[in-house]
Amino acid sequence: MKERTFRQDHLLGIEHLSVDDIETILETAEAFIEVSSRDVKKVPALKGKTVVNLFFENSTRTRSSFEIAAKRLSADLINFNSSVSSLKKGETLKDTVLTLEAMNPHIIVIRHSASGSPHYLTTFARSSIVNAGDGFHEHPTQALLDALTIQIGPPSLVPVEFEKLGATVSYDMRGGVKNADVVMMLRVQAERGASNYFPSIREYRNRFAISRELFALASKRAILMHPGPINRDVEIETSMADSEQSVILQQVTNGIAVRMAVLYLLKGEVHETLN
Ligand code: CP
């Protein structure tokens, strides 16, 4: 394991990370993939540290992944459940976080529907803040685990076009999917009103759902990604979600390694058992 070179106090988004930061996280995550393949999936890198999972929105993947990541690093973990907390008695977000901070945690992982809420916490909290999804804004560990899943080996396999960092926008699924190496579908976020932007689910499915026929246009070794949770037969047909080309569950597995890397790089100690 490399010496820790990550110099961020928080992980609030991808936007302000340098290429070096991103590479450090992905390299560290790769090392943690090995840790997760051991019989005893535990290293002492965060022994004595406390992580608070502060989720104000529903989550299966991100919440349990941060929990497993923290435990595999030997941290103590508190799962804060907003639905049974004193928020229900009118306590503010700031007072809730100040109260938890009085218990001296080291890292607070927050998911909240309000964009910018993790940034707000950094204005008064002492802990490192990790954004686990802030509404319409960012979900940085999802982006990082997606990158880890897409990373396909030696640089010679990566098209030079990647370096240009330009994107082509297409509104035609056939044109967009044609010859693609990675097809990533995103969830229709009905809870944020996404279904108000098109006439009906049926029309959306007919025009945009990834089907076998559509995916056949992609490159021969293309992978199909989705951050989850999936709306089966809305943005992705069931047969494709469960197909050999789907790496959706691999994304979940990689999520643990990426979140271990983030927690470790924020507060971990280099320890020889990681080497
Ligand atoms: N991808 C993702 O954020 O899933 P959860 O909402 O289950 O955490």
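Indexing begins at 1, ligand by ligand and atom by atom, following the structure's order.
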Margin query: So if I count the atoms of ligand 1 from 1 in the order they appear, which ones are less than 4.0 Å from some heavy atom of Thr60?
Written below: 5 (P), 7 (O), 8 (O)
Checklist line | Contacting atoms of ligand 1, where contact means under 4.0 angstrom from a heavy atom of Thr62 | finding: 2 (C), 3 (O), 4 (O), 5 (P), 8 (O)
Check: Is there a heavy atom of Gly228 sitting under 4.0 angstrom from any atom of ligand 1?
Finding: yes
Item checked: N or O contact, Pro229 vs ligand 1, cut-off under 3.5 Å -> no
Checklist line | Polar proximity ligand 1 side, Arg63 side, N/O cut 3.5 Å exclusive | finding: no
Checklist line | Closest to atom 4 (O) of ligand 1 among Glu57, Arg61, Gln189 (heavy-atom distance) | finding: Arg61
Note to self: Do Arg259 and Phe66 form a cation-pi contact, if we require the NZ or CZ to be under 6.0 Å from the six-membered ring centre and within 45 degrees of the ring's axis?
What the structure shows: yes
Next item on the list: Provide the closest heavy-atom pair for Glu213 versus Arg174 in the form atom of the first, atom of the second, distance.
Entry: OE2-NH1, 3.1 Å
Note to self: Between Asp181 and Ser219 (side chain of the first, backbone of the second, donor and acceptor by atom type, cut-off under 3.5 Å), is there such a pair?
What the structure shows: no
Check: Salt bridge between Arg63 and Glu67, side-chain N to carboxylate O under 4.0 Å?
Finding: no
Notebook entry, point to check: Could Lys178 and Asp172 be called an ion pair, given the rule that one side-chain N must be under 4.0 Å from one carboxylate O?
Noted result: no
Check: Under 3.5 Å, is there a donor-acceptor pair linking the side chains of Asp21 and Thr24?
Finding: no
Next item on the list: Identify, for atom 6 (O) of ligand 1, the protein heavy atom at the shortest distance, and state residue, atom and that distance.
Entry: Arg111 NH1, 2.9 Å
